[in-house]
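Remember, it's 1-based here, ligands and their atoms both numbered in the order they're listed. Since the model is a prediction, treat every value here as computed from it, not as a measurement.
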Amino acid sequence: MIKITLPDNSVREFDAGVNGMEIAEAISRNLAKEVLSISVNGEVRDLMRPINSDASIKLYTWEDKEGRDTFWHSSAHIMAEAIEAYLPGTKFGIGPSIDNGFYYDIDLPEGQTLTEKDLTEIEKKMMDLARTKSDIVRSEISKEDALKLFTEKGDPYKQELISELTDGTITLYQQGNFTDLCRGPHLPNTGYIKALKLTNIAGAYWRGSEKNKMLTRVYGITFPKQKLLEEYLVLMEEAKKRDHRKIGKEMELFMISQEVGQGLPMWLPKGAMLREQLEKFLKNVQKKFGYDQVITPHIGDVKLYKKSGHYEKYGKDSFQVIKTPTEGEEYLLKPMNCPHHCEIFRFKPRSYKDLPVRLAEFGTVYRYEQSGELHGLTRVRGFTQDDAHIFCRPDQLKEEFLKVIDIVFIIFKALDFKNYTAQISLRDPSNKEKYIGSDENWEKAERSIIEACAEKGLNTVTELGEAAFYGPKLDFMVKDAIGRSWQLGTIQVDYNLPERFDLEYIGADDKRHRPVMIHRAPFGSMERFCAVLIEHTAGKFPIWLTPEQVVVLPISEKYNDYAQKVSDYLNNSDIRTVVDDRNEKIGRKIRDNEMKRIPYLLIVGEKENETETVAVRRQGEGDQGTVTLLEFKEMILSEVKSILSELYN
Ligand SMILES: [Zn+2]
Ligand SMILES: [Zn+2]
């Protein structure tokens with residue numbers, strides 16, 4: 001008998017060789033129906049693989065990322081099988097699961113392309129294969145045999161992958177007539193797949209390198225229930241309407257010009273206003289929490305990034321060094337603000353009484369992304385972080401974490417993100433030598449994060465081994481209005497940079513000590529955050545934030561002057577107002593401006609002109625009656641003030 005420890009720490013005994021499915025059956029019939037894969041001592045594996053000695057296990061279902069990964073990765077194999085049958089001679093690259101589904105990179109036979117109609121045929125074939133409920137079988141193979149197999153099959157991409165593997169670790173998975181080189185894990189059989197959709201075709205270089213051949217990437221998604229596919233398709237329709245690239249264009253928020261460069265968004269006047277309001281808001285919050293704003297340049301000496309270690313990551317494989325014409329100096333576009341802030345900390349001697357020092361900057365950084373990876377505001381080559389670095393004593397770490405969590409909560413509340421979770425990334429306790437910093441500090445930091453999250457009642461998951469080598473961290477995930485998850489801000493402890501930059505403070509004992517550094521960016525970046533915000537609100541920003549709060553609509557040309565007077569009056573009180581004096585019917589003007597998601601429309605004509613009043617329409621609520629200019633001004637100002645004061649206090 002072997003001992004199987006379940007996640008609740010209960011222990012059950014089974015015969016050696018028991019598999020995950022049998023364990024699930026022993027727990028409950030329903031679980032056995034739902035379970036997709038298993039982790040055995042932290043390694044995710046096939047459900048049907050025998051367990052031969054004592055182990056800690058966790059069973060994964062559709063509710064778990066690991067479960068969905070297994071499901072979708074298996075689906076990639078089934079798609080490959082369908083494609084191989086449909087287009088014999090296709091060669092296969094890699095086929096991983098992704099956040100929403102899976103893809104497979106394939107090299108189509110000479111002269112062949114894929115159309116919508118082909119995708120439909122492949123979908124049909126996949127459903128047929130699913131209905132056969134073929135077992136997906138794992139086998140181990142020697143490197144030599146694996147090479148032989150794929151050479152015979154004529155699959156050069158697989159041969160290349162195999163040649164890089166270590167003998168003794170190579171596995172194959174087979175279902176029906178299809179065999180793939182794969183680490184797994186996979187579903188027990190193809191019958192788990194009840195509904196599917198192939199969603200997209202794109203080009204992708206083999207292994208992401210422009211030097212290699214361009215392959216065809218086929219994307220798809222599958223589900224264990226038909227209903228889940230239907231829900232997904234409705235969600236995709238809604239997501240399309242909320243696409244930040246579409247709304248960004250309609251609302252004139254930002255643009256990307258191929259002339260300026262790919263992945264380098266430019267903010268149009270209204271988008272710049274949106275950003276300015278967000279920055280102002282966060283600066284105000286940070287001021288209350290004792291932050292100091294700093295400003296640093298967009299480039300830095302290569303030596304700085306060699307010292308910080310960033311050169312290794314952002315040097316050769318990112319934007320290249322900038323050289324001065326004669327002095328032989330070398331600079332790098334700033335990939336991170338941290339080294340600059342470390343130098344600011346070193347500007348003068350610091351005492352324990354000066355700590356924490358909290359340096360904040362809306363710092364623009366540049367990182368190379370492959371052109372195929374670029375996407376709207378979410379994957380770009382230049383972006384502005386709402387960055388700050390906190391230099392504190394080890395005993396202040398928890399307090400500082402609590403405060404940063406408070407700031408994150410204020411932001412979520414302000415922008416109506418009601419649904420969020422956080423991931424605590426800790427070190428792998430069985431691999432401690434991988435990490436920099438003393439055991440004692442790590443334990444203290446990890447405990448601080450866990451306690452701070454618990455005190456704030458934050459819903460968290462903890463991942464062992466996910467910490468960076470230089471410190472543990474906390475990442476926030478939000479769900480938007482249509483239930484999609486986005487990763488936003490990060491709070492990261494760092495023992496490495498203070499070491500590399502030899503940062504010190506004089507302690508109460510008159511001795512030199514190392515401060516701990518915290519990196520934090522609650523928005524993440526302004527670009528990414530604005531994208532999430534646009535998709536979350538569908539462009540209907542809260543009134544305090546929206547770039548145009550009021551549009552004045554004269555009924556006819558005769559009242560353009562009065563409309564301008566109203567607009568000037570409101571702008572003088574910092575109410576962002578414009579006039580729509582186009583020569584259009586009033587009904588059309590109302591519709592157009594409602595489409596533009598303007599919170600307040602003011603209609604002015606004969607009566608309003610004579611009595612110095614405005615007829616008010618509110619977004620989504622229609623006609624609100626007629627009020628004097630002064631009344632309207634005070635109404636808006638108090639609406640904005642009450643929202644903001646509730647947030648700050
Ligand atoms: Zn695979
Ligand atoms: Zn940093």
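- Taking the ring centre of Phe345 as origin, the terminal cationic atom of Arg350 falls inside the region bounded by 6.0 Å and 45° from the ring axis.
- Among the atoms of His341, no N, O or S atom falls under 2.8 Å of the Zn ion (ligand 2).
- Take the Zn ion (ligand 1) as the corner point: the lines to SG of Cys182 and to NE2 of His73 open at 100°, to the nearest 10 degrees.
- Checked against the 6.0 Å centroid criterion, the rings of Tyr420 and Phe412 qualify as a close aromatic pair.
- The CD1 atom of Ile122 sits 5.0 Å away from atom CG of Leu114, with the distance rounded to the nearest 0.5 Å.
- To the nearest 0.5 Å, the span separating OH on Tyr368 from CD on Glu373 amounts to 9.5 Å.
- Residue-level check: among N/O/S atoms of His519, ND1 sits closest to the Zn ion (ligand 2).
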